[in-house]
Visitor: 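One structure, as structure tokens, below. Some questions next.
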Amino acid sequence: MTSLVRHTTIDCTDAYRLASFWAKVLDGSLAEDGLPGDPEATVPAAGAALLFIAVPGAKAGKNRVHLDLQPQDRSRDEEAERPVPSARRWSATG
């Protein structure tokens, strides 16, 4: 029997807000059942989806999950220069 990674799960304080940000970064969308205020939000993606789960309290230290993205329709440098709505604000507050 083999297993596949179904989700990369990320704890956060606002699942919908963080999932919305990553949906924009990935030019994707939230799962249809994701609503503001829900304790979970999913961003479907090729391979494994991103699952955001609201947990009480702020993070206590450095993030331990890093997403390595591979652009499919542009170079890495072009992707790094692509404007993502609210990315600067998010990095300052998230």
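Numbering of residues begins at 1 and proceeds along the displayed sequence.
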Visitor: Rounded to the nearest 0.5 Å, how far apart are CG of Asp33 and CG of Asp38?
Guide: 7.5 Å

Visitor: Who are the side chain to side chain contact (heavy atoms under 4.5 Å, CB included) partners of Thr9, not counting sequence neighbours?
Guide: His7, Leu51, Ile53

Visitor: Determine the minimum heavy-atom distance between Ala15 and Ala41, stating which atoms define it.
Guide: O-CB, 3.7 Å

Visitor: Where is the tightest heavy-atom contact between Ala31 and Pro44, given as atom of each residue plus distance?
Guide: N-CD, 3.8 Å

Visitor: Search all heavy atoms of Val5 against all heavy atoms of Ala48 and return the closest pair with its distance.
Guide: O-CB, 3.6 Å

Visitor: Out of curiosity, Leu26 CG to Leu50 CG, how far, rounded to the nearest 0.5 Å?
Guide: 6.0 Å

Visitor: Rounded to the nearest 0.5 Å, what separation is found between the CD atom of Glu81 and the CZ atom of Arg76?
Guide: 11.5 Å

Visitor: Can you name the closest pair of heavy atoms from Val25 and Glu79 and give their distance?
Guide: O-OE2, 4.1 Å

Visitor: Hey, what do you get for NZ (Lys24) to OG (Ser20), rounding to the nearest 0.5 Å?
Guide: 6.5 Å

Visitor: Atom CD1 in Ile10, atom CH2 in Trp22: separation rounded to 0.5 Å?
Guide: 7.5 Å

Visitor: For residues Thr42 and Ala49, report the shortest heavy-atom separation together with the two atoms involved.
Guide: CG2-CB, 3.9 Å

Visitor: Would you sort out whether Tyr16 and Leu30 count as a side-chain contact (heavy atoms from CB on, under 4.5 Å), showing the intermediate values?
Guide: CA-CA 9 Å; Tyr16 185 84; Leu30 294 170; 3.2 Å; yes

